Amino acid sequence: MTRVTRNITIGLIYAVIASPLMAQTTVIRPGQTETTTATIRQVDLKTRSVVLRGDDGSTLRVFVPQDFTRLNELRIDDTVTITYYESIVYRLRRRGAPKPPVSEEIAASETTASLPGATLSHQLTERVTVKAVDRDAPSITVTDRHGRTASRHVEHPSDLDGVKRGDHIDITYTEAVLATVTRAK
């Protein structure tokens with residue numbers, strides 16, 4: 001639960017894996033889906049928050065948007081199943097190539113099932129700049145347009161071939177969450 005819920009609450013975490021330096025090379029990493037469960041420990045209607053406890057004993061407070069009308073139907077000890085999906089598409093561009101427009105889309109909808117639930121999605125496209133490449137780790141460090149820096153492990157070291165400090169990578173990062181509730185028995 002720790003990884004999934006951290007992604008939900010912290011928001012977008014840049015996961016960047018570089019590809020060999022070629023003119024506008026596009027790489028698509030297959031999407032990853034993870035499912036976890038948590039138990040509702042507290043429902044606070046006034047602050048519109050729910051405290052969840054994972055199987056590992058960790059707890060997380062989750063905010064429920066105002067337009068979700070079924071918060072009052074949640075009960076202590078209900079089980080929440082969270083399915084999390086993420087995918088990354090990135091493109092390495094040569095210096096001087098035009099920047100893609102920055103775009104961000106966020107959507108949330110409440111389910112119409114007999115018990116409350118929700119579907120959330122977030123997609124961001126932007127250009128990041130390579131700050132460091134560590135072929136021994138292997139990892140890459142990038143900075144986004146707001147100056148935020150993130151370092152990430154690279155699964156395939158060969159993806160770092162030809163990548164150097166100052167290169168630009170255009171990323172479309174997509175994440176989606178499906179949360180369903182089952183009644184405690």
Side-chain angles (χ1 to χ4, degrees), residues 1-38 52-63 80-108 119-179:
M1 177 169 143
T2 303
R3 178 173 181 262
V4 173
T5 56
R6 182 174 40 234
N7 284 334
I8 294 168
T9 59
I10 293 176
L12 179 64
I13 294 177
Y14 295 102
V16 178
I17 304 170
S19 63
L21 183 59
M22 297 167 66
Q24 300 190 15
T25 299
T26 300
V27 177
I28 300 172
R29 290 285 182 226
Q32 298 175 353
T33 302
E34 292 187 31
T35 300
T36 189
T37 59
L52 302 173
R53 185 181 69 216
D55 296 335
D56 62 359
S58 63
T59 61
L60 171 72
R61 182 175 300 273
V62 179
F63 173 76
V80 178
T81 302
I82 300 167
T83 302
Y84 176 80
Y85 169 85
E86 73 176 350
S87 70
I88 302 167
V89 176
Y90 56 93
R91 178 177 291 192
L92 183 63
R93 295 188 184 241
R94 292 182 190 241
R95 291 183 193 274
K99 287 185 177 183
V102 173
S103 67
E104 185 169 27
E105 295 180 33
I106 300 171
T119 302
L120 309 158
S121 66
H122 178 240
Q123 185 173 65
L124 174 70
T125 299
E126 73 172 334
R127 176 168 287 181
V128 297
T129 303
V130 176
K131 291 298 178 189
V133 176
D134 182 346
R135 285 171 174 71
D136 295 330
S139 67
I140 188 167
T141 302
V142 300
T143 301
D144 70 6
R145 71 186 188 282
H146 300 294
R148 292 181 296 229
T149 300
S151 294
R152 296 291 175 251
H153 173 75
V154 175
E155 186 175 344
H156 304 288
S158 63
D159 287 343
L160 294 172
D161 292 348
V163 177
K164 63 187 179 307
R165 179 179 171 89
D167 285 342
H168 298 291
I169 301 171
D170 299 335
I171 296 177
T172 298
Y173 178 83
T174 303
E175 62 183 342
V177 176
L178 171 62

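Heavy atoms only: backbone and side chains are in, while hydrogens, waters and symmetry mates are out. A quick note: this is a predicted structure, and the numbers were derived from the prediction, not measured.
- To the nearest 0.5 Å, the span separating CG on Asp56 from OG1 on Thr36 amounts to 8.0 Å.
- Closest of all the heavy-atom pairs between Asp167 and Gly162 is OD2-O, 3.8 Å.
- Taken to the nearest 0.5 Å, the OG1 atom of Thr125 stands 9.5 Å off from the CD atom of Glu104.
- The two residues Thr33 and Thr83 come nearest to each other via the heavy atoms CG2-CG2, 3.5 Å.
- With no hydrogens or angles considered, a side-chain donor-acceptor pair links Thr143 and Thr149 at under 3.5 Å.
- For residues 128-141, the set of pairs meeting the side-chain hydrogen bond (donor to acceptor under 3.5 Å, both in side chains) definition, not counting sequence neighbours, comprises Thr129-His168, Thr141-Ser151.
- Once rounded to the nearest 0.5 Å, the distance linking OG1 of Thr174 with OH of Tyr85 reads 7.0 Å.
- Rounding to the nearest 0.5 angstrom, the gap separating the CZ atom in Arg61 from the CG atom in Leu52 is 10.0 Å.
- Contact of the Ile140 side chain with the Ile169 side chain is registered, since non-hydrogen atoms from C-beta on lie closer than 4.5 Å.
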